[in-house]
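Beneath this line is the structure, given in structure tokens, with notes to follow.
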Amino acid sequence: MKKLIEDVTCAGCYCACDDIQVTIDGQQILEVQTTCSQGQAWFERAAETDQLVPRIQGKSVSQAAAIKQAVELIQEAQAPLVTGLSQSSTAAQRAAVALADQIGAVIDTGASAATRALQQVGEATCTLGEVRSRADLIIYWGAADLLANARHRQTLETDSPEMTRKIIAIGEESVRETDHADEFIAVEPQREIEVIWQLRALLKGIALTGNEPVGIAESQLQSLASQLKQSQYIVFFTGPEFKQGPLSHRKLEALSLLIREIQRERRCHSISVPASGETKGAEHVLAWQTGYAAAVNFASGFPRYSPAEYQASRLLEQSEVDLCILTGGNPLAGLTAQAIGNLKSVSSIVIGSTLPQDFQPEVFLPTGITGIQFPGSMYRYDGTPLPLRGFLPTVQNSEAEVLKQISNSL
């Protein structure tokens, strides 16, 4: 018998759209409406989870055998790492933090750059509801994927006849986005900090006479400064391209300082956007448990934070890890290509509803999908917590339950 379920939250990406309509027959999904291609792929994954089986070195084994092997690997490890955590529920992320604490591991959420900037100068942010209702100038800086996302643009549509909105896309010339923006401003990636400092000077009334702008055309710099002065509610969406490079946290600090200065006269906020296919929320959970949002080391028996030292990609690139525990629906999220390459030579345990292509872990423990087969919660990329519903049966355990089984067996 067909049943229509409305207002389902999709955990396929950071947008976490919560108005999806799903038709089921009690055993499988028949149709999904009002979602994007990423969301469609996430819902389709539910048909494959019951076919997944625990594996040790690629060979099918029982759940008990896989748990036993995972426990043995953990007990032998001297420098374990817990990472991934994308497309995971809040309960699973909490269980991952608890396991890292129990075994003295490093755990990283991939939010090191944003965390370092937040610690230095703070952050002014808002919800998507405020953006939709109030923002008259939206700037997408290094966030071309978000701007191209039709579901995101639909979320910000307003019926208010009084709302006049300008949309500006900023990025390097190779990712020019004009189809959905009123204006595109090309900025050299290595000059973004200077561009922000030049904007701060112009907004303070300091002329750049005799100093030609760097990294941006002078006409565009002057125009952007003028629009920032004229707007009443400004929102910056900062994407993964903006947060790349060894000085990414300095760029975020510079932007936060610019936003703080704009706020003296008008409203201005920023929202950080993860890479496509990733989700946010693990940094919130880790902060609850430890006081730090990323790059935490439990080896000393208490949480120690050092983003330059304990970042997951850096640890793998430098071969400082002898066991990697990867969790979530997108377990390789946030890792660099070099880190993924080195990961193949390290003992690994994958816990999740999918097994990454071209990667065979020592142990694979399959799970169901929270949001389809289990209830729970997750965070949208603007920091808003959303409920996840479970409406299909499965033979698999939840990700949180598998993590707890490992913890209880240690």
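In terms of modelled atom types and a separation under 3.5 Å, the side chain of Q87 and the main chain of G12 share a donor-acceptor contact. Judged by distance alone, the side chain of T90 and the main-chain N or O of S377 form a donor-acceptor pair under 3.5 Å. No donor-acceptor distance shorter than 3.5 angstrom exists from the side chain of R55 to the backbone of V363, with no hydrogens or angles considered. With S223 contributing its side chain and S219 its backbone, the two residues share no donor-acceptor pair below 3.5 Å. Judged by distance alone, with hydrogens and angles left aside, the side-chain atoms of D108 form no donor-acceptor pair with the main-chain N or O of A294 at under 3.5 Å. Side-chain atoms of D50 never come within 3.5 Å of backbone atoms of T394 as a donor-acceptor pair (strictly under, hydrogens ignored). Without hydrogens or angle criteria, Q75 side chain to L410 main chain gives no donor-acceptor distance under 3.5 Å. Between the side chain of Q360 and the backbone N or O of Q57 there is at least one donor-acceptor pair closer than 3.5 Å. No donor-acceptor pair closer than 3.5 Å links the side chain of R260 to the backbone N or O of L255. Remark: the backbone N or O of T9 is not paired with any side-chain donor or acceptor of D18 at under 3.5 angstrom.
Donor-acceptor pairing under 3.5 Å is recorded for the side chains of S353 and R45. Side chain to side chain, Y292 and R304 fail the donor-acceptor criterion of an N or O pair below 3.5 Å. No hydrogens or angles considered: a donor-acceptor pair under 3.5 Å links the side chains of E31 and Q33. No side-chain donor-acceptor contact under 3.5 Å links S86 and K280. Inspection of the W141 and E192 side chains reveals an N or O donor paired with an N or O acceptor under 3.5 Å. Side-chain contact annotation: T384 with T127, donor-acceptor N/O pair under 3.5 Å absent. Residues Q227 and E183 bring a donor and an acceptor atom of their side chains to less than 3.5 Å of each other. With no hydrogens or angles considered, no side-chain donor-acceptor pair links S347 and E362 at under 3.5 Å. T109 and E283 share no side-chain donor-acceptor pair at under 3.5 Å. With 3.5 Å as the limit, one finds no donor-acceptor pair spanning the side chains of Q93 and S89. No hydrogens or angles considered: a donor-acceptor pair under 3.5 Å links the side chains of R151 and Q154.
In this structure, K251 satisfies the cation-pi test against F242, with its NZ or CZ atom closer than 6.0 Å to the six-membered ring centre and inside 45 degrees of the ring normal.
To the nearest 0.5 Å, atom CZ of residue R200 and atom CG of residue L228 are 13.0 Å apart.
Considering L156, I271, D182 in turn, L156 is the only one that fulfils the side-chain contact (heavy atoms from CB on, under 4.5 Å) rule with I138.
Summarising the local packing, CZ of R165 is surrounded by more than 12 heavy atoms from other residues, nucleotides or ligands at distances under 6.0 Å. Counting heavy-atom neighbours within 6.0 Å of Q78 CD, excluding the residue itself, gives a total of 12 or less.
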For residues 326-336, which side-chain N or O atoms pair as donor and acceptor with protein atoms under 3.5 Å away, sequence neighbours left out?
unit_1	atom_1	unit_2	atom_2	d
T327	OG1	L85	N	3.3
N330	ND2	G277	O	3.3
T336	OG1	E317	OE2	2.6
T336	OG1	A339	N	3.1

*List the steps and the verdict of side chain to side chain donor-acceptor pair (under 3.5 Å) for K243 and S272.*
CA-CA 9 Å; K243 293 173 283 189; S272 177; 2.7 Å; yes
*asked:* Before you tell me yes or no, could you show the steps for Q21 and V32 under side-chain contact (heavy atoms from CB on, under 4.5 Å), namely the whole-Å CA-CA distance, both residues' side-chain angles and the distance that decides it to 0.1 Å?
replied: CA-CA 6 Å; Q21 295 180 329; V32 180; over 6 Å; no
*Please test E309 against Q311 for side chain to side chain donor-acceptor pair (under 3.5 Å), starting from the C-alpha separation and ending with a verdict.*
CA-CA 6 Å; E309 185 178 3; Q311 188 178 22; over 6 Å; no
*When you look at F298 and T290, which way does the side-chain contact (heavy atoms from CB on, under 4.5 Å) test go after all the steps?*
CA-CA 10 Å; F298 287 103; T290 70; 3.5 Å; yes
_Derivation of the side-chain contact (heavy atoms from CB on, under 4.5 Å) call for V97 and W288_ = CA-CA 10 Å; V97 175; W288 298 344; over 6 Å; no
_Determine whether V82 and V106 satisfy the following criterion, side-chain contact (heavy atoms from CB on, under 4.5 Å), listing intermediate values before the conclusion._
CA-CA 6 Å; V82 178; V106 172; over 6 Å; no
*Go through the steps to decide whether E399 and S88 satisfy the test side chain to side chain donor-acceptor pair (under 3.5 Å), and finish with yes or no.*
CA-CA 8 Å; E399 187 181 330; S88 291; 2.9 Å; yes
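Under the 4.5 Å side-chain criterion, counting only non-hydrogen atoms from C-beta, V22 is in contact with F43. Side chains of F391 and I372 form a contact here, defined as non-hydrogen atoms less than 4.5 Å apart. The side-chain heavy atoms of I259 and I234, taken from C-beta on, include no pair separated by under 4.5 Å. Taking 4.5 Å as the limit, every side-chain heavy atom of T238 sits out of range of all side-chain heavy atoms of V273. With contacts defined as side-chain heavy-atom distances shorter than 4.5 Å, the pair Q232/L137 does not qualify. A 4.5 Å side-chain heavy-atom check between F364 and V53 finds every atom pair outside the cut-off.
Across C15 and N149, no two heavy atoms sit closer than the pair SG-ND2, 3.9 Å. The shortest non-hydrogen separation linking P361 to L355 is CD-CD1, 3.7 Å. Closest non-hydrogen pair, Y381 versus P274, comes out as CB-CD, 4.1 Å. The heavy-atom pair separating L202 from K229 by the smallest distance is O-NZ, 3.5 Å. Considering all non-hydrogen atoms of both residues, F236 and C268 come closest at CE1-SG, 3.7 Å. Q27 approaches L392 most closely through the heavy-atom pair C-CD2, 3.8 Å.
The aromatic ring centroids of H152 and F237 lie less than 6.0 Å from each other. Residues H180 and Y140 place their aromatic rings such that the two centres sit no closer than 6.0 Å.
Comment: R314 engages E320 in a salt bridge, judged by a side-chain N to carboxylate O separation of less than 4.0 angstrom. For E401 and K404, the salt-bridge test fails: no basic side-chain N is under 4.0 Å from an acidic carboxylate O.
Considering only residues two or more places apart in sequence or on other chains, R134 meets the salt bridge (charged side-chain N to carboxylate O under 4.0 Å, His left out) condition with E130.
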